[in-house]
Trainee: 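Can you keep this structure in mind? I'll have questions shortly.
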Amino acid sequence: MKTLSQITSLFFLICMYSCTTNETNQVEEIVEEEVVDIKLKNVEIILTTTQTDFDEVVVSYYDFEINDWNYGPRQFEYDTNGNPKPIIISLPDYGFDTIEGDAYRKNSSPSGLKVQIFIDDVLVKEEESFGTDLVYAQVFFDYTIEE
C-alpha cells in the first residue's frame with residue numbers, strides 16, 4: 001500500500017505542478033509606441049516651359065506610396081493659341097515629409113523649364129533652368145515639408 005500511496009502522491013504533485021503557471025519566469029515587456037499624427041497634405045508639382053512648339057521633358061520623382069521611382073518622358077500640350085499647358089503631377093492626401101525628383105529636357109534648347117511645388121495651394125518651392133548649346137535644362141524639386 002505504501003507504493004500506491006507514493007504513486008498517488010507523486011501523481012498529485014505532477015498534476016499540481018503542470019496546472020500552475022510559473023509567473024516568476026514569464027515577463028511581459030510592454031512597449032509604448034509613439035503615436036505620430038500625420039497631417040495629410042495636397043501636393044502639386046507643376047512643370048512649365050517657355051518653348052513655343054513641341055517640348056518633351058523626362059520627369060522622375062520618388063513615389064513613397066509604392067517605394068519606387070516614377071520615371072518617364074512627358075510631352076507638353078499646347079492650347080489653340082500655341083501656349084504651352086503646364087504638366088501637373090497631383091499627389092492628394094500626401095502623408096510624407098519629403099518630395100524628391102527632377103525634370104530635364106534632352107536637347108540643348110535655350111527655352112526655360114520651371115518647376116513649382118504647391119502644398120495645400122501654397123507655393124513652397126520654385127526652380128527654373130535654361131538650356132545652352134552644351135547643357136540641358138534641368139530642374140530639381142527636392143523639398144522637405146516642415147510642419
Trainee: Please check if the distance between the ring centroids of F76 and Y78 is under 6.0 Å.
Mentor: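 Distance test on ring centres: not under 6.0 Å, no.
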
Trainee: Do you reckon V139 sits in the same ILVMFWY cluster as W69, going by side-chain contacts under 4.5 Å, direct or chained?
Mentor: yes

Trainee: I'd like to know if the side chain of R105 and the backbone of V58 have a donor-acceptor N/O pair within less than 3.5 Å.
Mentor: no

Trainee: More than 12 heavy atoms of other residues, nucleotides or ligands under 6.0 Å from CG of D133: is that the case?
Mentor: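 Open.
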
Trainee: Hey, is the main chain of G101 close enough, under 3.5 Å, to the side chain of D142 for a donor-acceptor pair?
Mentor: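 Such a contact is found between D142 side chain and G101 backbone.
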
Trainee: Taking all heavy atoms of A103 and all of V59, pick out the closest pair and write down the distance.
Mentor: CB-CG2, 4.0 Å

Trainee: For the residue pair Y94 and F64, categorise the inter-ring angle as parallel (less than 30°), tilted (30 to 60°) or perpendicular (more than 60°).
Mentor: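 Ring orientation, 0 to 90° scale: perpendicular.
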
Trainee: In this structure, are over 12 heavy atoms from other groups packed under 6.0 Å from D121 atom CG?
Mentor: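 No, because the 6.0 Å sphere around CG of D121 holds 12 heavy atoms or fewer from other groups.
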
Trainee: Going through the distances and angles, do L113 and Q138 end up as a side-chain contact (heavy atoms from CB on, under 4.5 Å)?
Mentor: CA-CA 7 Å; L113 178 62; Q138 183 172 18; over 6 Å; no

Trainee: Can you check whether K39's main-chain N or O pairs, donor with acceptor, with K41's side chain at less than 3.5 Å?
Mentor: yes

Trainee: Do side-chain atoms of D63 reach the backbone of E65 as a donor and acceptor pair under 3.5 angstrom?
Mentor: yes

Trainee: Kindly indicate, with the supporting measurements, whether the criterion side-chain contact (heavy atoms from CB on, under 4.5 Å) is fulfilled by V124 and Q116.
Mentor: CA-CA 8 Å; V124 296; Q116 297 172 305; over 6 Å; no

Trainee: Search all heavy atoms of I46 against all heavy atoms of I88 and return the closest pair with its distance.
Mentor: CG1-CG1, 4.1 Å

Trainee: For residues F118 and I99: do they belong to one hydrophobic cluster (side chain heavy atoms under 4.5 Å, members Ile, Leu, Val, Met, Phe, Trp, Tyr)?
Mentor: no

Trainee: If hydrophobic clusters are built by linking Ile, Leu, Val, Met, Phe, Trp and Tyr wherever their side-chain heavy atoms come under 4.5 Å apart, do Y104 and I117 end up in the same one?
Mentor: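 Different clusters: Y104 never reaches I117 through Ile, Leu, Val, Met, Phe, Trp or Tyr contacts under 4.5 Å.
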
Trainee: Write down the atom of N42, the atom of P92, and the distance for their closest heavy-atom approach.
Mentor: OD1-CA, 3.4 Å

Trainee: Is it true that K114 and E126 have a side-chain N and a carboxylate O under 4.0 angstrom from each other?
Mentor: yes

Trainee: Any chance the rings of F141 and Y143 have centres within less than 6.0 Å?
Mentor: no

Trainee: A quick test of your reading: do over 12 heavy atoms of other residues, nucleotides or ligands sit less than 6.0 Å from CD of E128?
Mentor: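 Yes, because the 6.0 Å sphere around CD of E128 holds more than 12 heavy atoms from other groups.
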
Trainee: Just verifying a value: how many Å separate I87 CD1 and I45 CD1, rounded to the nearest 0.5 Å?
Mentor: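 The distance works out to 12.0 Å.
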
Trainee: Kindly give the heavy-atom pair with the smallest separation between E44 and S90, and that separation in Å.
Mentor: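 Taking E44 first and S90 second, the nearest heavy atoms are OE2-OG, 3.6 Å.
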
Trainee: Checking T49 against D55: is there a side-chain donor and acceptor pair closer than 3.5 Å?
Mentor: yes

Trainee: Which pair of non-hydrogen atoms, one from Q51 and one from F54, has the smallest distance, and what is that distance?
Mentor: NE2-O, 2.7 Å

Trainee: For F140 versus E127, what's the shortest heavy-atom pair and its separation?
Mentor: O-CG, 3.6 Å

Trainee: Between S60 and N70, is any side-chain donor less than 3.5 angstrom from a side-chain acceptor?
Mentor: no

Trainee: Taking CD in Q75 as the centre, count heavy atoms belonging to other residues, nucleotides or ligands within less than 6.0 Å. Is the count above 12?
Mentor: yes

Trainee: Do I145 and Y62 sit in the same hydrophobic cluster, where Ile, Leu, Val, Met, Phe, Trp and Tyr count as joined when their side-chain heavy atoms come under 4.5 Å apart?
Mentor: yes

Trainee: Is it true that Y71 and V57 fall in one hydrophobic cluster, defined by side-chain heavy atoms closer than 4.5 Å?
Mentor: no

Trainee: Using 0.5 Å steps for rounding, measure from the CZ atom of F130 to the OG atom of S109.
Mentor: 10.0 Å

